[in-house]
Amino acid sequence: MAEQAVTAQSEDFSRWYNEIVYRADLAAPSPVRGCVIIKPYGYEIWEGIKAGLDRRFKATGHQNAYFPLFIPESYIRREAEHVEGFSPELAVVTHAGGKELEEPLVVRPTSETVIGEAFSDWIQSYRDLPLLINQWANVVRWELRTRPFLRTAEFLWQEGHTAHATHDEAEAETRQMLDIYAEFAEEDAAIPVIKGEKSRMERFAGALRTYTIEAMMRDKRALQSGTSHNLGQNFAKAFDIDYLSENNAQEYCWTTSWGLSTRMVGAVVMTHGDDKGLRLPPKLAPYQVVIVPIIRRDAQASAVMETVERLRAELAAAGIRVHVDRREGQSPGFKFNDWEMRGVPVRLEIGPKDVENDNAVLARRDIPGRAGKQFVPQARISDTVRELLADIQRSLLDEARAFRDEHIVDVAGYAQLQEVIEAGDWARAAWAGGDAHEQNIKDETGATIRCFPFEQPDQVGNCIVTGNSADKVALFAKAY
RNA sequence: CGGGGCGUGGCGCAGUCCGGUAGCGCGCGCGGUUUGGGUCCGCGAGGUCCUCGGUUCAAAUCCGGGCGCCCCGACCA
């Protein structure tokens, strides 16, 4: 048996990641540095993410719209912190139509500015509020070091932009959207996340407060998987987003923005994947079930295929995404390994013996080897599969949560934090330090404050660097 | 931007030191064989050897210029 599997995760995680992204057909290299081609199998995962989020956005009163890819350069400059945060990574169009443009156009790194400009026109009175808009779009940030899905020069995402009459309403919106991200991550992607607030240093350029969901990958590094910003009145003031209140007074709006990107595809890969490849959560898997026919040329091939087709139709009718692997050149063993690498949650084998006995072999991807294999009756196959899929969805989340919780350590002092970070774990520590302290920790350990979790202990204790009494704990980790 | 490396069929590489027929594995096509955990055999298609110039009877190979990419250090969904 020629073992031509991917590099083991345990051996070299980042190599494993790169290999699996290409081998599982999620993406392909692109001619442009820092960009990737998202292939159909990877794109379908993204479509699953889109569907899960879009449904939740609509359910909370948001509408989709689309704003231009190009932003006049002057817009970007209007919000002081925003320019500073984004200028190093902007791609700028200076020529078009064979001529130099009068004003260069920035390829959007995010759309607060153009959308803010539009909002200032759309909003006249308090009756126009709240304004709840989302767009699905591509954005460009000229990053130096890129990795497929995790950080690419161009990526796909959704960015929500809303305007409200009061700070509290904007804050409620910001938190609501973070909750939606967390719910989506756990329920659909089976990724447990920690909700919290970003430190001043990690805050979005131009925001009052930034909230985040942080997830732990299988190499124990943190991945910021979605963010929600309360922009205060910063953009409202820069773009004149104001309204006439009930008292006939001109007031600035309070705005928010929130985004989740194709990085989530990377999160799915790195949260659930194992040495054999991907393990996709059933709710996002392009194929939830793959049927592998076991056919002997000389024997009852047609009987096997008849059974396969009957079961396929039954599963499809039950709303299960099912695919029959009809490839003729490959042996069943090859197909088993191939689909395992590609993370299909359930494999259904049908061979001559199964036709004879009216049963089928079901193998679940999350439990490798014989332990995950069972003989089941063909009768009521869709119920059996549906239950199995639900169980896989649940156990992937449970497994990921147990793994994460095992690797978060409460630390009492800086020395212990260093040890914990050195070991690759996350450290939870009382914090009352400033930017300089935070920067220092980053320089010395490589870890950053991922967030101040919403969930705080009853007793916080003294800050691990200043020794002063602290009112909150922070979560430290090395991050992507 | 600083340090290291690499450009040779679709992918991964050898060949370069020592100039002389462009090769291997995977993949791809065809035929057969096999199929319940990565079958095997045969035949075949596919390459301006990154680029421009120089040396030479002769350059993937030697010399010079350019371009591109990858890896490691400061920013980021």
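Here is how names work: the chains are called A, B, and so on, in the same order as the sequence lines, proteins then strands, and each is numbered from 1.
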For A:Tyr287 and A:His323, take the angle between the two ring planes, folded into 0 to 90°, and tell me which bin it lands in: parallel under 30, tilted 30 to 60, perpendicular over 60. parallel

Between B:rC26 atom P and A:Asp338 atom CG, what is the distance in whole Å? 17 Å

Residues that A:Phe375 engages under ring-ring contact (aromatic ring centres under 6.0 Å, His included), provided they are two or more places apart: none

Value in whole Å for how far the C1' atom of B:rU34 lies from CD1 of A:Ile294: 13 Å

If the condition is salt bridge (Lys or Arg N to Asp or Glu O under 4.0 Å), which residues does A:Arg151 pass it with, not counting sequence neighbours? none

Whole-angstrom distance between B:rG65 and B:rC71, as gauged at atom P: 26 Å

Measuring only the P atom in each nucleotide, how far is B:rU51 from B:rC43? A whole number of Å is fine. 33 Å

Against A:Phe155, only a single residue in A:Val140, A:Thr146, A:Val139, A:Ile38 fulfils side chain to side chain contact (heavy atoms under 4.5 Å, CB included); can you say which? A:Val139

Sorted by chain and number, sequence neighbours left out, salt bridge (Lys or Arg N to Asp or Glu O under 4.0 Å) with A:Asp325 holds for A:Arg327, A:Lys335

Please determine, for B:rC67, whether a Watson-Crick or G-U wobble partner exists with both distances under 3.5 Å, and give it or none. B:rG7

When the nearest nucleotide of RNA chain B is assigned to A:Ser261 and to A:Pro293 on a heavy-atom basis, which residue is associated with the more 5' position? A:Pro293

When A:Ile133, A:Ile180, A:Thr162 are each screened for side chain to side chain contact (heavy atoms under 4.5 Å, CB included) with A:His62, the one that passes is A:Thr162

If stacking means aromatic ring centre less than 5.5 angstrom from the base's six-membered ring centre, planes under 30°, is A:Phe336 stacked on B:rG38? no

Inter-nucleotide P distance (B:rG38, B:rA45), Å rounded: 32 Å

Could you tell me whether A:Phe454 and A:Tyr211 have their ring centroids closer than 6.0 angstrom? yes

Is there a Watson-Crick or G-U wobble partner for B:rG73 with both distances under 3.5 Å, and which nucleotide is it? B:rC1

Please state the C1' separation for the pair B:rU21 and B:rA60 - nearest whole angstrom. 14 Å

Under 4.0 Å, counting only non-hydrogen atoms across every strand here, what does A:Arg147 touch: a base, just sugar-phosphate, or nothing? nothing

Without decimals, in angstroms, what is the distance between A:Glu328 CD and B:rC30 P? 11 Å

Base, sugar-phosphate or nothing for A:Gly351? Non-hydrogen atoms, less than 4.0 Å. base

Check side-chain hydrogen bond (donor to acceptor under 3.5 Å, both in side chains) between A:Asp435 and all other residues, then give those that pass, not counting sequence neighbours. A:Arg200

Counting Watson-Crick and G-U wobble pairs only, both distances under 3.5 Å, name the nucleotide matched with B:rG37, or none. none

Counting only Watson-Crick pairs (N1-N3 plus N6-O4 or O6-N4) and G-U wobbles (N1-O2, O6-N3), all under 3.5 Å, who is the partner of B:rC62? B:rG54

Pairwise P distance, B:rG19 and B:rC57 [rounded to whole Å]: 15 Å

Pairwise C1' distance for B:rC11 and B:rC70, with rounding to whole Å: 16 Å

Classify A:Ser257 by what it touches in the nucleic acid, base, sugar-phosphate, or nothing, heavy-atom distance under 4.0 Å. nothing

By ring-ring contact (aromatic ring centres under 6.0 Å, His included), which residues pair with A:His82, not counting sequence neighbours? A:Phe86, A:Phe204, A:Phe235

Per-nucleotide protein contact along nucleotides 39-46 of chain B, 5' to 3', at a 4.0 Å heavy-atom cut-off (B base, S sugar-phosphate only, - neither), is S-------

Tell me the interatomic distance from A:Glu340, atom CD, to B:rG36, atom P, rounded to whole angstroms. 14 Å

Show the atom names and distances, to 0.1 Å, of all donor-acceptor pairs under 3.5 Å that link a side chain in residues 307-314 of chain A to residues at least two apart or in another chain.
unit_1: A:Thr307; atom_1: OG1; unit_2: A:Ala303; atom_2: O; d: 3.1
unit_1: A:Glu309; atom_1: OE1; unit_2: A:Arg312; atom_2: NE; d: 3.0
unit_1: A:Glu309; atom_1: OE2; unit_2: A:Arg312; atom_2: NE; d: 3.4
unit_1: A:Glu309; atom_1: OE2; unit_2: A:Arg312; atom_2: NH2; d: 3.0
unit_1: A:Arg310; atom_1: NH2; unit_2: A:Gln378; atom_2: OE1; d: 2.7

According to ring-ring contact (aromatic ring centres under 6.0 Å, His included), who are the partners of A:Trp136, at least two apart in sequence or on a separate chain? A:Trp46

Could one point to a donor on the side chain of A:Asp354 or the base of B:rG36 with an acceptor on the other under 3.5 Å away? yes

Among residues at least two apart in sequence or on other chains, which ones pass side-chain hydrogen bond (donor to acceptor under 3.5 Å, both in side chains) with A:Arg56? A:Glu183, A:Glu187, A:Asp188

When all nucleic acid strands are considered with a 4.0 Å heavy-atom cut-off, which category describes A:Leu260: base, sugar-phosphate, or nothing? nothing

Inter- and intrachain pairs under ring pair (Phe, Tyr, Trp, His ring centres under 6.0 Å), touching residues 340-365 of chain A, at least two apart: none

Using the P atom in both, what is the distance from B:rC52 to B:rG9, to the nearest Å? 16 Å

So which protein N/O to nucleotides 70-76 of chain B N/O distances come out below 3.5 Å?
unit_1: B:rC70; atom_1: OP2; unit_2: A:Arg33; atom_2: NH1; d: 3.2
unit_1: B:rC72; atom_1: OP2; unit_2: A:Arg145; atom_2: NH1; d: 2.9
unit_1: B:rC72; atom_1: OP2; unit_2: A:Arg145; atom_2: NH2; d: 2.6
unit_1: B:rC76; atom_1: O2'; unit_2: A:Glu143; atom_2: OE2; d: 3.3
unit_1: B:rC76; atom_1: O2; unit_2: A:Arg151; atom_2: NE; d: 2.1
unit_1: B:rC76; atom_1: O2; unit_2: A:Arg151; atom_2: NH2; d: 3.1
unit_1: B:rC76; atom_1: N3; unit_2: A:Arg151; atom_2: NE; d: 3.2
unit_1: B:rC76; atom_1: N3; unit_2: A:Arg151; atom_2: NH2; d: 2.8

Determine the Euclidean distance between corresponding C1' atoms of B:rG66 and B:rA77; express it in Å to zero decimal places. 37 Å

Going by number, which of residues 358-376 of chain A have a non-hydrogen atom under 4.0 Å from RNA chain B? A:Val361, A:Lys373

